[in-house]
Undergrad: 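Dropping the structure in here first, questions after.
No experiment lies behind these values; they were computed from the predicted model shown. Remember, it's 1-based here, ligands and their atoms both numbered in the order they're listed.
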Amino acid sequence: MDTFTIGGDLDVHRLGFGAMRITGEGIWGPPDDPEEAKRLLRHVVEVGVDLIDTADSYGPEVSENLIAEALHPYPDGLVIATKGGLRRTGPGQWPRDARPERLKKACEASLRRLKLDRIDLYQLHSPDPQVPYEDSVGALKELQDEGKVRHVGISNVSVEELHRARGIVEVVTVQNRYNLEDRGSEDVLDVCEEAGIGFIPWFPLATGRLAKPRDALDRIAEEQDATPAQVALAWLLARSPVMLPIPGTSSIEHFEENLAAARIELSDDELAAIGSAAQG
Ligand SMILES: NC(=O)c1ccc[n+]([C@@H]2O[C@H](COP(=O)([O-])OP(=O)(O)OC[C@H]3O[C@@H](n4cnc5c(N)ncnc54)[C@H](OP(=O)(O)O)[C@@H]3O)[C@@H](O)[C@H]2O)c1
């Protein structure tokens with residue numbers, strides 16, 4: 001599998017793992033079978049995935065705790081990317097809170113839960129309309145200056161917000177919603193590609209919707225002896241060398257299926273056919 005270097009010094013395979021789905025329903029509380037979630041996490045790392053995306057708000061706390069329970073002490077080279085900036089008030093509820101003092105507390109708590117001295121990639125989950133964006137990003141810069149955070153990423157941003165953040169701190173990744181059907185962040189991806197910033201597309205399978213048979217995706221999947229989910233992920237990987245998809249799953253079977261997408265090579269004609277059918 002291809003690799004990408006985040007921030008000049010973190011080499012990761014380009015297909016990572018999203019650890020949001022290892023929690024309870026509504027990303028709230030523990031999963032039905034925490035031991036199975038830990039087995040999945042250990043398996044993810046054993047087969048060579050070295051980028052795991054999580055957040056303090058997944059559970060909340062549940063995803064980070066399971067990662068530490070399953071994987072600490074961490075193998076060399078494993079990059080755990082977490083986030084702060086959202087609060088949880090119930091299942092499916094995600095109010096923003098990116099006040100500097102709260103971000104600093106959130107980062108300290110993530111460090112404790114993950115049993116780390118420094119977080120390799122700390123991401124601001126979302127701009128908070130109640131707080132000047134510069135203040136929130138500035139808090140992450142201070143955490144970096146204090147040695148608590150190695151690299152800073154941002155998430156759910158426009159091109160303009162990306163430019164503002166880059167005026168304050170070196171931004172090494174952007175995590176925005178992006179998949180075959182939803183390319184609203186194409187302009188942000190273009191800026192990332194030009195600047196060598198990693199682009200982490202969340203919702204890469206549109207909650208499994210893209211795993212279902214459909215037109216060109218289905219036809220090309222059949223020709224490639226692959227599944228639609230694999231073709232949707234292979235399309236993402238082919239879309240840009242800075243693309244770092246983090247498909248999320250609670251199932252080892254789906255994880256294996258998704259990982260195998262990295263082996264699929266799509267021709268230019270296939271890429272164009274998949275891309276235009278999904279947009280049509
Ligand atoms: N920055 C942000 O604001 C933000 C927001 C949302 C998510 N994220 C991150 O992005 C990651 C991925 O996003 P996501 O989990 O929302 O979307 P996703 O990866 O597109 O979809 C995950 C869903 O698809 C299903 N799925 C996965 N692989 C499948 C397969 N091969 N066949 C059929 N169904 C499959 C999963 O169900 P099963 O569990 O049954 O496999 C799960 O319900 C998250 O884990 C999280 O780390 C970030």
Side-chain angles (χ1 to χ4, degrees), residues 15-28 31-33 36-37 39-41 43-44 49 51-60 62-64 66-67 79-88 92-96 98 110 121-128 153-158 161-162 173-182 184-185 188 198-214 217-218 221 226-237 243-262 264 278:
L15 199 55
F17 177 72
M20 184 178 84
R21 305 272 169 191
I22 56 166
T23 63
E25 208 170 324
I27 321 299
W28 185 258
D32 289 343
D33 185 348
E36 178 63 14
R39 260 194 300 282
L40 169 62
L41 285 165
H43 181 73
V44 163
V49 166
L51 173 62
I52 297 182
D53 180 75
T54 183
D56 61 348
S57 50
Y58 297 164
V62 172
S63 175
E64 288 184 336
L66 285 171
I67 288 170
V79 174
I80 299 172
T82 193
K83 315 181 201 77
L86 300 182
R87 277 187 303 117
R88 296 304 304 278
Q93 297 171 15
W94 308 78
R96 300 175 192 201
S110 288
L121 177 58
Y122 195 66
Q123 306 158 92
L124 180 55
H125 212 140
S126 203
D128 177 348
I154 55 177
S155 179
N156 299 310
V157 291
S158 62
E161 285 158 340
L162 171 57
T173 56
V174 172
Q175 183 170 148
N176 273 15
R177 190 170 65 199
Y178 186 88
N179 60 50
L180 248 178
E181 285 181 340
D182 178 351
S185 283
V188 179
F199 184 88
I200 304 176
W202 65 261
F203 219 37
L205 292 171
T207 324
R209 208 172 57 248
L210 289 172
K212 303 214 171 76
R214 58 215 284 125
L217 200 57
D218 197 29
T227 65
Q230 289 172 328
V231 175
L233 291 171
W235 178 86
L236 274 176
L237 287 167
M243 188 77 78
L244 308 171
I246 45 163
T249 179
S250 54
S251 125
I252 290 189
E253 199 187 327
H254 282 167
F255 167 74
E256 285 295 332
E257 181 184 331
N258 298 343
L259 185 66
I264 296 175

Undergrad: Between N176 and N156 (side chain of the first, backbone of the second, donor and acceptor by atom type, cut-off under 3.5 Å), is there such a pair?
TA: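 Flag set: sc N176 to bb N156 pair under 3.5 Å.
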Undergrad: In the structure I gave you, are the side-chain heavy atoms of P245 and W202 within less than 4.5 Å of one another anywhere?
TA: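 Answer no - side chains too far apart.
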Undergrad: What residues sit with at least one heavy atom under 4.0 Å from ligand 1?
TA: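 Within 4.0 Å of ligand 1, protein side: G18, A19, M20, R21, D53, Y58, K83, H125, S155, N156, Q175, W202, F203, P204, L205, A206, T207, G208, A211, A229, I246, P247, G248, T249, S250, H254, E257, N258.
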Undergrad: Taking the inter-plane angle between the rings of Y178 and W235 on a 0 to 90° scale, is it parallel (under 30°), tilted (30 to 60°) or perpendicular (over 60°)?
TA: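 Ring orientation of Y178 relative to W235: parallel.
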Undergrad: Establish, yes or no, whether the cationic atom of R88 lies under 6.0 Å from the six-membered ring centre of W94 and within 45° of the ring axis.
TA: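 Judged by the rule (NZ or CZ under 6.0 Å from the ring centre, within 45° of its axis), R88 counts as positioned above W94.
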Undergrad: Restricting to salt bridge (charged side-chain N to carboxylate O under 4.0 Å, His left out), what partner residues turn up for D56, sequence neighbours left out?
TA: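 Scan of D56 (salt bridge (charged side-chain N to carboxylate O under 4.0 Å, His left out), adjacent residues dropped) gives none.
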Undergrad: Check L236 against M243 and note the closest heavy-atom contact, atom names and distance.
TA: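 Smallest interatomic distance, heavy atoms only, reads O-CG, 3.3 Å.
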